[in-house]
Asks: 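Okay, here's the structure, questions in a sec.
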Amino acid sequence: MTANSSPLIRPLAVCCVCLGNICRSPMAEAILQHLADARGIPMEVTSAGTAGWHIGRPADPRTKAELFAHHIELRHRARQFTSADFVRADLVLAMDTDNQSHLIARATTQADLAKIHLIRDFDPRSVPGSEVPDPYYGDQGDFREVFDLLTAASEGLLARITSDGLSPWQTT
Ligand code: 4NP
C-alpha cells in the first residue's frame, strides 16, 4: 500500500521523548517530520522530556547545528511530557530505556502502554532494545551519531507505515 492510499483518516500523531527535551527528542521530532513530509506521509510529530529542567528553553545549540547542517528546520521550546500526550499521540517513542520506564510508569491504560516504543526498535538494523545515547555531556560528534541513529529509526518507521498501511499499533 502506498502512502497516498493510506487508510489513515488523520495524520499519525507521534510524540518523541527523551530526558530534557533539548537534545535527542527535538532532533527526532525534526528529522521524522522532515522525512514524513518529504514522502507525503501525513504525520504530526511533537516531542517532550520526562524531566522538567529545561521547560521553555530552545534546543541545545549542537542539536540545532546538526539539523542546520542537514537543512532541517527546528523551532522548539522544551516541554515536559504530560498525560495529555498519551491521549493525543498514536505512538510515544522513547529514546532510551530510562525514558521508556518512566513512560510505562506514567501509563494508566493498556492503550497508553501499547503506544510506547523505543524509537530504535523501528530501525530494522538495530538490535531490539537499542538506545539513542544521551549526547548532553558529549561533543558535536556525539550529536552527529544521534542524528544518524535517529535518521535510520525514522526511515524504518516510515517504511513500516508505507508497507503496512494502517499499522498494528494504530487502533483508531
Ligand atoms: P536530552 O539530553 O534528554 O537528549 O534532551 C539531556 C539534556 C539535559 C540533561 C540531560 C540530558 N541535563 O542533565 O540537564
Side-chain angles (χ1 to χ4, degrees), residues 12-37 43-108 112-158 169:
L12 191 74
V14 181
C15 184
C16 303
V17 180
C18 63
L19 180 61
N21 192 218
I22 56 170
C23 299
R24 291 165 292 176
S25 64
M27 196 189 293
E29 173 187 340
I31 293 170
L32 184 55
Q33 188 71 68
H34 175 80
L35 293 175
D37 290 349
M43 188 176 279
E44 282 175 3
V45 192
T46 58
S47 66
T50 52
W53 309 317
H54 299 283
I55 290 172
R57 300 214 183 114
D60 188 286
R62 297 163 295 178
T63 281
K64 289 202 264 193
E66 209 51 43
L67 291 169
F68 185 78
H70 292 87
H71 311 288
I72 299 176
E73 192 187 351
L74 173 66
R75 300 172 67 191
H76 181 72
R77 287 282 177 263
R79 68 184 189 89
Q80 190 168 16
F81 187 87
T82 72
S83 52
D85 288 301
F86 273 131
V87 177
R88 275 193 292 263
D90 300 298
L91 283 176
V92 179
L93 303 180
M95 299 297 124
D96 61 37
T97 53
D98 281 349
N99 303 141
Q100 183 187 35
S101 299
H102 179 104
L103 291 166
I104 289 170
R106 297 274 317 254
T108 55
D112 291 348
L113 279 175
K115 294 175 181 180
I116 303 168
H117 302 264
L118 282 172
I119 193 168
R120 290 194 64 200
D121 280 347
F122 286 99
D123 178 354
R125 289 181 301 273
S126 81
V127 176
S130 295
E131 304 181 302
V132 181
D134 183 352
Y136 186 62
Y137 293 105
D139 59 20
Q140 194 65 46
D142 296 300
F143 281 73
R144 198 166 307 128
E145 182 194 353
V146 167
F147 183 93
D148 291 343
L149 296 176
L150 291 174
T151 299
S154 298
E155 300 271 17
L157 172 59
L158 295 172
W169 21 258

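When a ligand or atom number is given, it counts from 1 through the structure's own listing order.
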Asks: Might you point out which heavy atoms bring P26 and N21 nearest each other, and give the distance in Å?
Replies: CG-O, 3.4 Å
Asks: Just to verify, which of C15, S154, C16, S25 counts as forming a side chain to side chain contact (heavy atoms under 4.5 Å, CB included) with V45?
Replies: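 Exactly one option meets the side chain to side chain contact (heavy atoms under 4.5 Å, CB included) with V45, and it is C16.
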Asks: Hey, are the side chains of D142 and Y137 touching, using non-hydrogen atoms and a 4.5 Å cut-off?
Replies: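 D142 does not reach Y137 side chain to side chain.
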Asks: For ligand 1, which atoms have a heavy atom of C23 less than 4.0 angstrom away?
Replies: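 Counting atoms of ligand 1 from 1, those under 4.0 Å from C23 are 1 (P), 2 (O), 4 (O), 5 (O).
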Asks: Checking the side chain of R106 only, and the main-chain atoms of T50 only, is there a donor and an acceptor separated by less than 3.5 Å?
Replies: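 It does not hold such a pair.
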Asks: Is there a polar contact between ligand 1 and P135, counting only N or O atoms under 3.5 Å apart?
Replies: no
Asks: For N21, which part has a heavy atom under 4.0 Å from ligand 1: side chain, backbone, both, or neither?
Replies: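 It is the backbone that gets close, since no side chain atom is under 4.0 Å.
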Asks: Side-chain contact test, heavy atoms from C-beta onward, threshold under 4.5 Å: evaluate it for R24 versus D96 and give yes or no.
Replies: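 Yes, side chains in contact.
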Asks: Return the residue, atom name and 0.1 Å-rounded distance of the protein heavy atom closest to atom 1 (P) of ligand 1.
Replies: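 Of the protein heavy atoms, C18 SG, 3.5 Å lies nearest.
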Asks: Suppose we measure from atom 8 (C) of ligand 1 to each protein heavy atom; which comes out shortest, and what is that distance?
Replies: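 Going atom by atom, the protein heavy atom closest to atom 8 (C) of ligand 1 ends up being H54 NE2, 3.4 Å.
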Asks: Just need the protein heavy atom nearest to atom 9 (C) of ligand 1, so name the residue and atom and give the distance.
Replies: Y136 CD2, 3.4 Å
Asks: Using heavy atoms and a 4.0 Å limit, tell me yes or no: is M27 in contact with ligand 1?
Replies: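 No heavy atom of M27 comes that close to ligand 1.
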Asks: Anything under 30° is parallel, anything over 60° is perpendicular, the rest tilted; go ahead and classify F86 against F81.
Replies: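 Judged by the thresholds at 30° and 60°, the geometry between F86 and F81 is perpendicular.
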Asks: Tell me whether W53 has any N or O atom under 3.5 angstrom from an N or O of ligand 1.
Replies: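 No, since none of the N or O atoms of W53 sits under 3.5 Å from an N or O of ligand 1.
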Asks: The test is salt bridge (Lys or Arg N to Asp or Glu O under 4.0 Å); show your working for D85 and R79 and say whether it passes.
Replies: CA-CA 11 Å; D85 288 301; R79 68 184 189 89; 2.8 Å; yes
Asks: Can you tell me which portion of I22 lies within the under-4.0 Å heavy-atom range of ligand 1? Options are side chain, backbone, both, or neither.
Replies: both
Asks: Do E131 side-chain atoms and T97 backbone N/O form a donor-acceptor pair below 3.5 Å?
Replies: yes
Asks: Report the nearest protein non-hydrogen atom to atom 2 (O) of ligand 1: residue, atom name, distance rounded to 0.1 Å.
Replies: D134 OD1, 3.4 Å
Asks: Could you tell me which atoms of ligand 1, counted from 1 in the order shown, lie closer than 4.0 angstrom to a heavy atom of G20?
Replies: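 It comes down to these atoms of ligand 1: 1 (P), 3 (O), 5 (O).
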Asks: So does S47 get a backbone contact from the side chain of E29, meaning a donor-acceptor N/O pair under 3.5 Å?
Replies: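 Such a contact is found between E29 side chain and S47 backbone.
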Asks: Counting only heavy atoms, which portion of Y137 has something under 4.0 Å from ligand 1: side chain, backbone, both, or neither?
Replies: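 Y137 to ligand 1: side-chain contact only, backbone stays beyond 4.0 Å.
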Asks: Counting only heavy atoms closer than 4.0 Å, does ligand 1 sit against the backbone of M95, its side chain, both, or neither?
Replies: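 Contact part for M95 vs ligand 1: neither.
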